[in-house]
Amino acid sequence: MHYSKLKDFPQNFLWGASTSAYQVEGAIDEDGKSLSIIDMYEHPSDVANFSVASDHYHRYKEDIALFAEMGLKAYRFSIAWTRILPNGTGKVNEKGIEFYNNVIDECLKYNIEPVVTMYHFDLPYCLEEKGGWLNRDTIEAFVEYAKVLFIHYGSKVKYWLTINEQNTMILHPGAIGLPKGGKLPSKKDLYQQNHHMMLAQAKVMKLFHNMVPEGKIGPALNLTAMYPATCNPNDAIAAHNWEVLRCWNFVDVCAFGKYHPLAWSYLKDRNIAPEIQDGDFETLKGANPDFIAMNYYSTATIAASKGDASDVAARAGDQQIMLGEQGVYRPSENPYVEKTQYGWVVDPVGFRYTLRKVYERYQLPILITENGIGANDTLGPDGCIHDQYRIDFIQKHLHQMRLAITDGVKMLGYCPWAAIDVVSTHQGYKKRYGFIYVDRDEFNLKELKRYKKDSFYWYKQVIEENGKNI
Ligand code: BG6
């Protein structure tokens, strides 16, 4: 669709940026924090671990002052469950409460809207030892944790995200890290975990609407449209298979209170459907998310399954993410898109396409909670970081978002990944995403000094102009 005039970005648009606790904070065992599965899992030994990360735990004031200088209107960060309830449930750790109170107050001091993710991959390890999400008790543990958060921060934080990328945790568990001993759960167990997370999320959303009636809450999922590799109808069916299993099923359960019919047929047929207890389907109904939080990095291109093991292959440049499923879909290449140096597809038009699909399906406002490019930035001798590729990436995605807004999609804001350099989930510190450079290597922490990248100044200008030149 070509338009004679593009709509403007809305007034009060949340121009923001994101991080998550385990990737930015460090201080993994300080002030009463217990260890999470991320701290305990096996990660590649040739890249940075999460023990110091960007040392935000000790430098949050300096960092938030920089976010304010960049003009951020919102800062999306996650709260580490292990700081608040070191035993997973029970005794509240006052030091943990105080830390996030300080972070929130620091944001509010600069009129930065805090956007809080309650759970970003880092389940308390003590709960994992009791079975983690496979154990139904974890549902009530999450509700208890949520209640503590709403009591302490509900009056100050308006925007809440329940669970970050539940679909990544279920579909690509290896990307989060390998449990000790290196064994990932079976598909059957993963879908049982998924069901428990869905129940926990629905309960927490209902609790939230009672406790924080003025607030807004949504799920945060990694969403992406799929293209069929050709106009062969079988490729189109395979692309739809994967779009449903990867994306819509996860949003449908939260937004509509029921599993997507195609996904449910697949789960039943493969004998991997979760066990449902009396009352579960009622619990799932009526969660009523106020918005959809969406992480978007790339699209995928899909061909019909050949029905044999050759359907499955590792993602280009990333042995920890397997794509393809026998009898479901087969990953294919898209000759019309570029790739990052880490092999991730760059597809700004696919962003508009995905936004249209999400809005069409759910008719809820969308908050972008991640989007960005991982690259090996270099700090020049002059203290500058020339990350023009990041400016190009974000500029193109914002332009497509503006087209989507013109298409009629309701957008709340844009919080790209990342506000500041963080440890990549499984590819170390060299793979940087931030607007602010943190001077450390994989293993040499140096002084962790902060430097503003070229993209910092560019984004500041975009925010000042409310995106009018995008
Ligand atoms: C998202 C996660 O999947 O992608 C983030 O929510 C993660 O935690 C981001 O860092 C980028 O992925 P990676 O593997 O490059 O760090």
Side-chain angles (χ1 to χ4, degrees), residues 16-26 36-39 41 43-44 46-50 53-54 56 75-81 115-123 161-178 197 218-224 246-247 250 292-300 314-323 339-346 351 354 367-377 387 389-390 393-394 397 415-435 438 442:
S18 296
T19 62
S20 83
Y22 74 88
Q23 292 174 275
V24 75
E25 287 176 4
S36 73
I37 56 169
I38 295 281
D39 303 322
Y41 273 12
H43 297 275
D46 56 339
V47 293
N49 65 23
F50 302 97
S54 304
H56 183 67
Y75 172 42
R76 177 223 176 187
F77 60 93
S78 76
I79 291 184
W81 187 340
V115 176
V116 168
T117 315
M118 300 168 60
Y119 166 47
H120 192 123
F121 301 161
D122 50 356
L123 187 73
L161 316 172
T162 46
I163 302 177
N164 180 69
E165 293 199 4
Q166 185 173 332
N167 50 348
T168 300
M169 287 192 271
I170 301 303
L171 300 168
H172 304 296
I176 315 302
L178 273 184
M197 278 189 222
L221 291 157
N222 184 312
L223 301 177
T224 175
R246 188 190 178 285
C247 303
F250 291 90
I292 306 290
M294 166 174 156
N295 297 353
Y296 173 87
Y297 288 90
S298 17
T299 47
R315 185 162 77 182
D318 193 347
Q319 293 305 309
Q320 273 144 308
I321 301 209
M322 300 305 287
L323 296 174
K339 286 188 176 167
T340 71
Q341 70 185 114
Y342 282 88
W344 291 29
V345 163
V346 177
F351 185 34
T354 308
L367 176 63
I368 296 303
T369 39
E370 289 182 34
N371 173 235
I373 182 169
N376 300 348
D377 301 337
D387 58 343
Y389 38 86
R390 181 163 295 108
F393 181 99
I394 295 181
H397 283 77
C415 298
W417 191 260
I420 184 167
D421 285 343
V422 300
V423 193
S424 151
T425 295
H426 64 291
Q427 290 177 308
Y429 214 93
K430 202 164 60 185
K431 187 186 192 190
R432 295 168 184 269
Y433 285 89
F435 292 109
V438 177
E442 294 294 353

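All values derive from a computational prediction rather than experimental measurement. Atoms within each ligand, like the ligands themselves, are counted from 1 in listed order.
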Per-atom filter on ligand 1: closer than 4.0 angstrom to a heavy atom of Y433 are 11 (C), 12 (O), 13 (P), 15 (O)

Here the atoms of ligand 1 under 4.0 Å from any heavy atom belonging to K431 are 13 (P), 14 (O), 15 (O)

Tightest non-hydrogen contact, residues Y22 and A53, listed as O-CB, 4.1 Å

| said: Taking the basic N atoms (NZ, or NE/NH1/NH2) and the acidic carboxylate oxygens, is any pair closer than 4.0 Å for K430 and D377? | reply: no

Item to complete: Look only at interatomic distance and state if E165 has a nitrogen or oxygen under 3.5 Å from any nitrogen or oxygen of ligand 1.
Response: yes

Verify side chain to side chain contact (heavy atoms under 4.5 Å, CB included) between I163 and F121, making sure each step is shown before the conclusion.
-> CA-CA 8 Å; I163 302 177; F121 301 161; over 6 Å; no

Under 4.0 Å from one or more heavy atoms of E370, ligand 1 contributes atoms 1 (C), 2 (C), 4 (O), 5 (C), 6 (O), 9 (C)

Per-atom filter on ligand 1: closer than 4.0 angstrom to a heavy atom of T425 are 5 (C), 7 (C), 8 (O), 10 (O), 13 (P), 14 (O), 16 (O)

Could you check whether F50 and H43 have their ring centres less than 6.0 Å apart? yes

- Item | Cationic N near anionic O, under 4.0 Å, D421 to R432 | yes

(request) Quick one: sort the F351 and H397 rings into parallel, tilted or perpendicular, breaks at 30° and 60°. (result) tilted

Under a plain distance cut-off of 3.5 Å, with no hydrogens placed, do S36 and Y41 share a side-chain donor-acceptor pair? no

Between ligand 1 and Y297, can you find any atom pair, the residue atom being a heavy atom, that is separated by under 4.0 Å? yes

Looking only at the side chains, is there a donor atom on one of Y75 and T19 sitting less than 3.5 Å from an acceptor on the other? yes

Atoms of ligand 1 under 4.0 Å from any heavy atom of N164, numbered from 1 in the order shown, are 6 (O)

Here the atoms of ligand 1 under 4.0 Å from any heavy atom belonging to H426 are 14 (O)

query: Looking only at heavy atoms of T168, does any of them come nearer than 4.0 Å to an atom of ligand 1?
result: no

For S424, the atoms of ligand 1 under 4.0 Å from one of its heavy atoms are 13 (P), 14 (O), 15 (O), 16 (O)

For Q23, the atoms of ligand 1 under 4.0 Å from one of its heavy atoms are 5 (C), 7 (C), 8 (O), 10 (O)

shortest atom 12 (O) of ligand 1-to-protein heavy-atom contact is with W344 CH2, 3.5 Å

